[in-house]
Amino acid sequence: MDNVNLEVDIAGLKLKNPVITASGTFGFGKEYGEFYDISRLGAIVVKGLTLNPRLGNPPPRVAETPAGMINSVGLQNPGVDRFLEDELPGLLDKGVCVIANINGNTIEDYCRMMEKLDRSGVSAVELNLSCPNVKEGGMAFGVEPEMVCAATREVRTAGEKPLIVKLSPNVKDIVEIALAAQEGGADALSLINTLLVMDIDIKTRRPTLANIFGGLSGPAVKPVALRMVYQVCGAVGIPVIGMGGISDWRDAVQFLLAGARAVAVGTANFVNPYAPLEIIDGIERYLTETGFSSVNDIIGNISVTSGQ
Amino acid sequence: MKLVDKCLIVENSEIQENIFRMKILSPQMCSIARAGQFLHIKCGGNKHALLRRPISLSYRLAGEDTLVIVYRVEGQGTQFLSEQKPGVKIDVMGPLGRGFAVDQEYGRVVLVGGGMGVAPLAELARVYGNKCTALLGYRSEPFLTREIGAEAGKLLVATEDGSEGHRGFVTDLLPRELSEQTIDLVYCCGPRPMMKRVLDICRTHGVRCQLSLEERMGCGIGACLVCSCATRDKNGNPGYSRVCVDGPVFWDDEVMLDG
Ligand SMILES: Cc1cc2nc3c(=O)[nH]c(=O)nc-3n(C[C@H](O)[C@H](O)[C@H](O)COP(=O)(O)OP(=O)(O)OC[C@H]3O[C@@H](n4cnc5c(N)ncnc54)[C@H](O)[C@@H]3O)c2cc1C
Ligand SMILES: Cc1cc2nc3c(=O)[nH]c(=O)nc-3n(C[C@H](O)[C@H](O)[C@H](O)COP(=O)(O)O)c2cc1C
Ligand code: FES
């Protein structure tokens, strides 16, 4: 086992293994830190941050669907300043590689956050252009290629840290959006965010969520995510972080084979707090058993032999 | 300390139509679990009932290292639980959340439970014994009255259909308990309308009250923010708290049952 190399490089960011936790599903790491040493993870992406503190949407904020869940948290967070003061130092002390996920209503908001984070100990910044459950934000930036390109370009110039652009699946053509982010100067891409959906309570005849709409995540979205990651990896030249419904190492290996340089684990944490660790171990075992010496050997390593 | 463990089911029996009592073996959880805390239980595999289900600790059997839960079959998750046989192991995370504030200095406390809200009060009855009065309300047939009655100093039952005890709501019984003697604290769990009524009565009588709230959950440990409920902070400002870690038990001045 010792000679299997799990290290990956995402736009100059060296991760000890390709397993990351997805934004919004891992808080600021404290909670899961009670279960295991979170510095064992490749990186963690913290809860989506905004420039100012945000209360989030009214409850109920969650519904369960077959093999999935719908959330409408609405970016509840303490704001970027409080994160830098209260949360980040503890994470860095533990030796965790931290990626900040930023969300804004205007390009200026994004840029101001990028400036603040650029002077901090975070390893990279993930630009969330896609959060589908905030009425004023997200949506508008993530769906139009021109906007994606423009926003990425502005934020790119606001700081030096590696910039990961997170893509929404709620778009006409994900490849077009991915190319726009690349053109704007993204160092890497991550996908997918949640799918915009709804649920109705037939007893009350009301939408289950107070926000009416929410974002679908969990195993139900995996085939959609896998398809999108595969298509994007085939079209762009920058690294891709794949996510959406990954619940075990087999799912993770699928995303790596589809071309993702790293994977993020979200909803699975709720079911099994140890899921990310089990996925790291599972990937290592898979590499050993299949005779590969490095995880990089399986990234994008599928043969597509059909005539298409 | 929070644990995730595969725990042996020692017993799982239907104590009334659609209501089950399950005994779960876990020496570790049993030794640290407190009244009002809950267990987050995997009910089926990843792919079907995806999320864990929060179920309150009803009471502990310390001598047997077991935790007892009492649950009603509502949907697929609790249906799955009801089908598990003794000898099988289930995946339990716990004990979670802020339980009831227990103070052995209290002279007299009242427990008010409605429906499934009776379940988490059983451990309190065990803790306070003679010092507590339990008021338990049901639509029809009572459950857990034997267990709670064996511990509590006094037990009064109300049923909406009059099949046992007082005919009507359990809240009908509360004002008298609060006026007859000095009560240090009221502990309450049940449907929202009932808890609102209990809160009103306690305020009228100037008695403090703790309430156990319910909200749908994801992680159960404070990381995902889906279980928010409206609360007031120390300065009275409205905001949200996480039922899974800031609760499920809240103080009377924290909750906003209308919002
Ligand atoms: C802190 C806490 C303690 C609880 N203690 C008990 C108890 O001791 N005994 C008992 O019978 N019930 C208890 N409940 C309610 C119990 O969690 C639900 O009845 C159960 O989750 C229903 O799951 P299901 O799959 O059968 O129903 P479904 O309707 O299929 O569930 C769908 C989804 O909604 C969630 N959900 C549905 N109803 C509730 C509810 N009332 N509260 C929270 N989530 C819900 C489920 O967890 C699941 O994610 C408690 C709830 C909370 C929050
Ligand atoms: C409760 C919850 C909150 C989320 N919050 C954010 C967020 O703040 N920012 C973000 O970019 N994505 C957020 N996401 C999306 C996840 O990071 C991830 O992209 C998505 O859930 C798909 O992965 P999964 O199926 O493994 O959960 C959230 C997802 C969930 C379930
Ligand atoms: S259930 Fe995740 S924060 Fe409460």
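A, B, ... follow the sequence lines: proteins, then strands. Residue 1 opens every chain.
- The candidate with the highest count of non-hydrogen atom pairs below 4.5 Å against chain A, out of B:Ala223, B:Gly77, B:Cys229, B:Cys227, is B:Ala223.
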Checklist line | Derivation of the side chain to side chain contact (heavy atoms under 4.5 Å, CB included) call for A:Glu64 and B:Gln76 | finding: CA-CA 11 Å; A:Glu64 193 186 59; B:Gln76 56 173 347; 3.8 Å; yes

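- With sequence neighbours excluded, the residues that form a side chain to side chain contact (heavy atoms under 4.5 Å, CB included) with B:Cys224 are A:Phe270, B:Cys219, B:Val226.
- Applying the 6.0 Å contact sphere to CZ of B:Arg208 captures more than 12 heavy atoms from other residues, nucleotides or ligands.
- Only the side chain of A:Pro273 comes within contact range of chain B, with at least one heavy atom under 4.5 Å from a heavy atom of that chain.
- The two residues A:Tyr274 and B:Val4 have their closest heavy-atom pair at CE1-CG2, 4.0 Å.
- In terms of heavy-atom proximity, A:Pro59 sits nearest to B:Tyr240 at CD-CE2, 3.6 Å.
- Put simply, the side chain of B:Leu3 does not reach to within 4.5 Å of the side chain of A:Phe35, judged on heavy atoms.
- At a 4.5 Å heavy-atom cutoff, the contact between B:Met93 and chain A is made by side-chain atoms alone.
- In this structure, the portion of B:Arg52 lying under 4.5 Å from any heavy atom of chain A is its side chain and not its backbone.
- Remark: B:Arg72 pairs with B:Glu74 by the salt bridge (Lys or Arg N to Asp or Glu O under 4.0 Å) rule, at least two apart or across chains.
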Checklist line | side chain to side chain contact (heavy atoms under 4.5 Å, CB included) evaluation trace for A:Asn71 with B:Leu225 | finding: CA-CA 9 Å; A:Asn71 90 85; B:Leu225 309 182; over 6 Å; no

